[in-house]
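For this chain, numbers begin at 1 and follow the sequence in order.
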Amino acid sequence: MTTRFRSLMSHLVQTLVALLLLLSPTCAAEPTTAPAFKEATKASVAININKIYEFNELNETYVIDGYLVVSWKDKALAERMRSGVALPDIYENDAIDDLKAEGIRIPAIEFINVVGDRSVANRQVVTSADGTVLYNERFQATFSTAMDFRKFPFDTQKLAIELESFSFDKTHFEFVNPKVYPELVNQEMLAEWNIVDKQVAVTDQDYSHLTEDGSKTEFSRYNLTITLERKCDYYIWNFMLPLILIITSSWCVFWVDDFLTNISIAFTLMLTVVAFTFQATSLLPRLPYTTFMGMLTILGYLSIFASMVVIIAAELLVRKSDTFDKARLMRMSRYLYPLSIVLIIAFEVRYFNL
C-alpha cells in the first residue's frame, strides 16, 4: 500500500511540474515578428516631382504627382541574409504586406500637410544582400499651405511638402540626406508660375503635448519648399491697365465745362470700377489684408470720388459767388490730380516692396 501510494504521489508531482513548465511565461514561444528599431535608423529620403497642377488660390491647395523613395539599412535583415534565411528580392503592392508578416519593418510614412488621403498607384520594396531596404511609391495628393497674396499680382508663393514617420520618433527612425528631383528648375510644370527655387531640409518636430507626462518627443520631418513666382503679364494687361485707364478717365471732367456731363461721367466710371472690383476679387480668397491690386482699386474709387467733390464744390461756389474763378480751379486740378495719383502709386510700390 505504501509503495503504491509513493508511486502515485511521484506521478502526481511529475504531472504538476510538467504543467508548471508548460504554463511558465519564460517558456512561452517567442513572437515571430521582429522588435521595433532598437536604435535610430538613418533613412535617406527623396521625392521626384512629376507634375504640379490644379493650383487653387481660393482654397490655397495644389496637387502633386510624384515618387517617394526612402532607403535604410535593417541589421536584422542583414543577419538573415548572411544566414541564408532570406534572399534579396523585389516586393510589389500587396506582397509588401507578406514581407511585413515575415518580420521586416516597413515604417509608415505620412504626408503632414496633405488634404484628405493620398492616392498610391504602386508600391515597391527592394531588399539587398547587405540589409538595405529601398521603399518606393508613386503617389498623388492634394496639399495645403498658407499663401501670402499681399503683392498680388507680383507675388511669390512657397509650396510645402512635409513628411514624417507615423509611429517611430527620432530616437528610432531619422531622415537624413534629403533630396528632391529634378534638381534643375522645371518651368513646364505650371503654366501661370515660374519655379524659381527648391529647398529641402530635415527638421525635428516636437510632439511632447501628445505624451501623458509631457516628456520631449521629437519626430524627424522632411521638408520640401518650392518657391513660385507669378507670371504677371496677364494681370497687367487685363486688369491693371484697364484700371489705370479708368482712373485716368476720371480726370477728363476737368476739361469739360458742363456740370451734368461731368456728373454723368463720374457716376459711369464709379459703376465701372465696382464691376471691375467684383471681377478682381473673384480671383482670390477672402483675405484679412489688402493686396496691391486691392489698393489700386481703392485708389480708383478715391480718384473718381475726389473728382466728383471738386466739380460739385466748384459748381456750388459759382452759384453763390460771382467772383469765384472756376476755370482757374479746373486748370490746377488738371495737373495736381495726375501728380497726386503718380505719387500715391509710387508710395504703394515702395510700401509693398515691388
Mind checking the [atom1]-[atom2] spacing from [X] to [Y]? Nearest 0.5 Å is all I need.
X      : Y      : atom1 : atom2 : answer
Glu348 : Leu299 : CD    : CG    : 5.5 Å
Leu336 : Arg331 : CG    : CZ    : 12.5 Å
Leu163 : Ile47  : CG    : CD1   : 5.5 Å
Ser303 : Met308 : OG    : CE    : 12.0 Å
Thr297 : Leu243 : OG1   : CG    : 5.0 Å

Hey, are the side chains of [X] and [Y] touching, using non-hydrogen atoms and a 4.5 Å cut-off?
X      : Y      : answer
Met147 : Leu159 : yes
Val125 : Leu134 : no
Lys170 : Asp204 : yes
Val196 : Thr156 : no
Val253 : Ser307 : yes

Between [X] and [Y], does any side-chain N to carboxylate O distance fall below 4.0 Å?
X      : Y      : result
Glu137 : Arg118 : yes
Asp130 : Lys73  : yes
Glu315 : Lys326 : yes

Whether [X] side chain and [Y] backbone form a donor-acceptor pair below 3.5 Å:
X      : Y      : value
Ser128 : Gly131 : no
Ser321 : Val318 : no
Ser264 : Leu260 : no
Asn59  : Thr61  : no
Tyr235 : Met293 : no
Ser44  : Asn177 : no

Same apolar cluster: [X] and [Y], side chain cutoff 4.5 Å:
X      : Y      : result
Tyr335 : Val309 : no
Ile90  : Val70  : no
Ile263 : Tyr337 : yes
Val310 : Leu339 : no
Ile244 : Leu271 : no

Check your understanding: Would you say the ring centroid of Phe175 lies under 6.0 angstrom from that of Phe173?
Key ->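 Yes, ring centres under 6.0 Å apart.
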Point to revise | Ring center gap for Phe139 and Tyr67 short of 6.0 angstrom | key: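 Phe139 vs Tyr67: aromatic centres not under 6.0 Å.
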Check your understanding: Name the one of Lys231, Glu229, Gln157 that satisfies side-chain contact (heavy atoms from CB on, under 4.5 Å) with Trp193?
Key -> Gln157
**Study point:** CG/Asn238: more than 12 non-hydrogen atoms of other groups inside 6.0 Å
**Key:** yes
Tell me whether the guanidinium CZ or amine NZ of [X] lies under 6.0 angstrom from the six-membered ring centre of [Y] and within 45° of its axis.
X      : Y      : answer
Arg334 : Phe254 : no
Lys51  : Tyr53  : yes
Arg230 : Phe152 : no

Practice item. Report the C-alpha distance between Ile304 and Ser250 in whole Å, list the side-chain angles of each, state the deciding distance to 0.1 Å, and finish with yes or no for side chain to side chain contact (heavy atoms under 4.5 Å, CB included). Key: CA-CA 6 Å; Ile304 297 171; Ser250 66; 3.8 Å; yes
Check your understanding: Could you walk me through whether Glu92 and Arg123 pass the side chain to side chain contact (heavy atoms under 4.5 Å, CB included) check?
Key -> CA-CA 6 Å; Glu92 293 183 342; Arg123 297 181 300 159; over 6 Å; no
Exercise for review: Could you check Gln199 against Asp197 for side-chain hydrogen bond (donor to acceptor under 3.5 Å, both in side chains), going step by step and ending with a plain yes or no?
Suggested key: CA-CA 7 Å; Gln199 294 182 349; Asp197 190 22; 3.1 Å; yes
**Study point:** Working for side chain to side chain contact (heavy atoms under 4.5 Å, CB included), residues Tyr351 and Phe292
**Key:** CA-CA 9 Å; Tyr351 177 79; Phe292 177 74; over 6 Å; no
